[in-house]
Amino acid sequence: MIAYLTNLAALAAIFGILAATLNVAVGYAGIFSVAHAVFFGLGAYAGAQIALVLVPDALVAMLVAGLVSGVLSLCLALPALRVRGEYFVAASLGLQMMATTLFSEWKTVTGGIGGLTGIPRPHIFGVEVGTLPLALAALGLILLATAALMRGAFGRTLRSIRDAESAAEALGKNVAAAKALAVAFACAGAGVAGALFALHMQFVNVESFNLDQSVLIMAMVIIGGTGTLLGPLVGAVILLSLPAGLAFLPFIPATEVGAVQQMVYGLAMTLLMIFRPAGLVGDLSRGKSTA
Amino acid sequence: MLFIQLLLQGLQVGAIYALTAAGFALIFGATRVFHFAHGSSFALAGYVFIFAMQAGWPWWLGGLAATLAATLFGIGVFWFVYRPIQRHEGSFFTVFVAAFGVGIVVQNLIGIFAGRGFASVDTSLSRAVEVLPDVFLAQVFWVAISVACLLFAALTLFLTRHNAGVALRALHQNPDLLRAYGLSSTRLSLLAFALGSALAAPAAMVTAMTSGMNEAIGHQVMLISMAATIVGGVGSLRGAALAGLMLGVAESVALNFVDTQWAEAVSFLVLFAFIIFRPSGIFGIAQAR
C-alpha cells in the first residue's frame, strides 16, 4: 500500500511539473500548445539514454533532458511566432502527430513500440535515491521559478502579450523573444519531467508521449484553472486519482474502466468549458478573457 | 504499375477526405467554430450504417439513417455545447477544449457499445477487378468519386444560387451586417452545422465499405479535415476539397517511397510546412496575423 501511494505521489509530482510548465505557455503567454507530450517524450528518451549509456546520475539526466527539450522547443516557437489561435493549435497538433511517428519508428534511439527497458534506478553522486523526493524537489523548484518569473517584468510582458499582442508590441516589448523564452521554459520543464518519468518507471515507450497524453496534460491545466499557480497541480492530482478511484467502484466492469475514465474526463472538459471556463481554481470574472 | 495503383487508391481516399474537409470548412468558414467534434459525426454515421446493414436494412435506408445521425449530432453539439459557450463570449480555445471532450466521450461510447477494433460492411462493390495489367480497381472507387463530384456540384449550386446559401457566405464575411439585415445568425449556423455534418455521412459510408471503421477513426478524420481546411485556405470550400484530395493522394503515393508507418506523418508535414510558410493556404486571402 505504501509502495502504491509512493508511486502515485511520484507520478502526481511528475505530472504536476508537466501541467505547471504547460500552464506557463497556455495560461500566461496564451500559446495553446497541444504538443506538450512531445517534449515530455524527448526528455524521457534523452534521460533514459543518458542513464543507460553514460551514468545513472539523476541530475545529469535531468539537465540533459531539459536542454534537449529546451533547444528543440524551437520547433514549437517557430509556428507560435508566425500564427495565432486555431492555426497554432493546428500546427502543434501537426508537430505532435509527426513526433509520435518519429518516436515509434526511430528504433535505435527510442526502441520503437517496444520502448527502452532496464533503465537503472536514479543516483546522485553515486548514492541511490528515490524518485519521489527527486520529483518533489524538481516540482518545488519549478513552481518557485514560475512564481518568481511571473511576478516580475517577464511575467507582466507575457500576460500583456496574451491579452493584447499588438499593444504590447506598440509599447516596445520584444514579443518574439518573450514568446520564444516562455515556450523554451515550458518545454525544458517538460523535458525534466520526462527524465524523472523515465527514471521512475524504468521503462519508456511511445504510448506515454502521444496525442492522448498531450490532451490529458492540457485537461489537467484547463480543469485546474489556467493562469493560476496551484490550479494545474489540483488538475493533475484529480485526473491521476481518477483511474484509481474508478477502479474501486464495483458496478463498472473491469474491462471498461479505461473507457469510463476517459469518458469522465472528456465529459468534465466539456461541462467545465460550458459552465466554468476558468477552471476549478481560476477566478471566474477573469476567466472569460483568459480561458 | 504500383504507382498507378497507389494513385488510384489515393484518389479514392482523397475523395473521402475532400468530403469531410468540405464539411469542416463549411462550418468553420460560416460560424468561425473550430468544430473539433466533426470527426465524431463521421464515426457515428459510419457505425449507424454498419449496424443498419447488419440488421438487413436496404442500403438507401441505412444511408438515410447514417446521414440523419451525423446531422442530428452536428446540430446537437452546436446547440448544447458551442452556443452556451459563445453566449458567455468564450474564446476559440474554450470551444476547442469542449469539442475535444465531446470527441473523447463519443469515441469511448462507440468503443463500449460497438466493440473495439475494425468493423466493416461486406458488399460486392468492394470486390476488386483487374482493369489494367496489375492494376486492381473496385466499383466502390467510382461510387466514391461520383458521389464526391455530385455533392460538390450540389453544394456549389446551393451556395451560389439559393438564398440560404448566399446568406451562409454572408455570415462568413460579415456577421454583424447580416444581423442588421434582419437574418438570424443562429438559424444560419444551425444550417451550416447540419449541412457540414451531413457531408461527412457519405464519406463514412464509403469508408465503412472499404477500409472499415474503428472507434478512433473520428480523431484521424478530424485531423485530416483540419489539415485540409488550413492547407486549402480558410473560408474556401474549393480549397479544402482540393487539399483533402491532395492529402489523400500524397499519403498514398508516399507509400511508393517510404514505409507505411510514415504515410500519416506526410499529411502533417505538409500541414506544418504550410502553417510556417504560407498560413493563408492555397486559396486563402492573406490574413492579418
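Lettering follows sequence order; numbering is per chain, from 1.
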Partner chain B: residue of A:I222, A:V264, A:L78, A:V215 with the largest heavy-atom pair count (under 4.5 Å): A:V215
What part of B:L271 lies closer than 4.5 angstrom to a heavy atom of chain A: side chain, backbone, both or neither? side chain
A:Q96 versus A:T100, side-chain donor and acceptor atoms under 3.5 Å: yes
Do you know which of B:V97, B:I230, B:V270 has the most heavy-atom pairs under 4.5 Å to chain A? B:V97
Contact origin within B:I112 toward chain A - heavy atom pairs under 4.5 Å: both
Chain A shares the most heavy-atom pairs under 4.5 Å, among B:N108, B:L223, B:I104, with B:N108
Would A:E165 and A:K179 pass as an ion pair if we require N to O under 4.0 Å? yes
Using a cut-off of under 4.5 Å on heavy-atom pairs, state which of A:L271, A:L267, A:L93 scores highest against chain B. A:L93
Is there side-chain contact between A:F15 and A:V237, with heavy atoms separated by less than 4.5 Å? no
Hey, can you tell me if B:F193 and B:Y82 have their rings parallel, tilted or perpendicular (30° and 60° cut-offs)? tilted
Any non-hydrogen side-chain atom of A:M218 less than 4.5 Å from a side-chain atom of B:F100? no
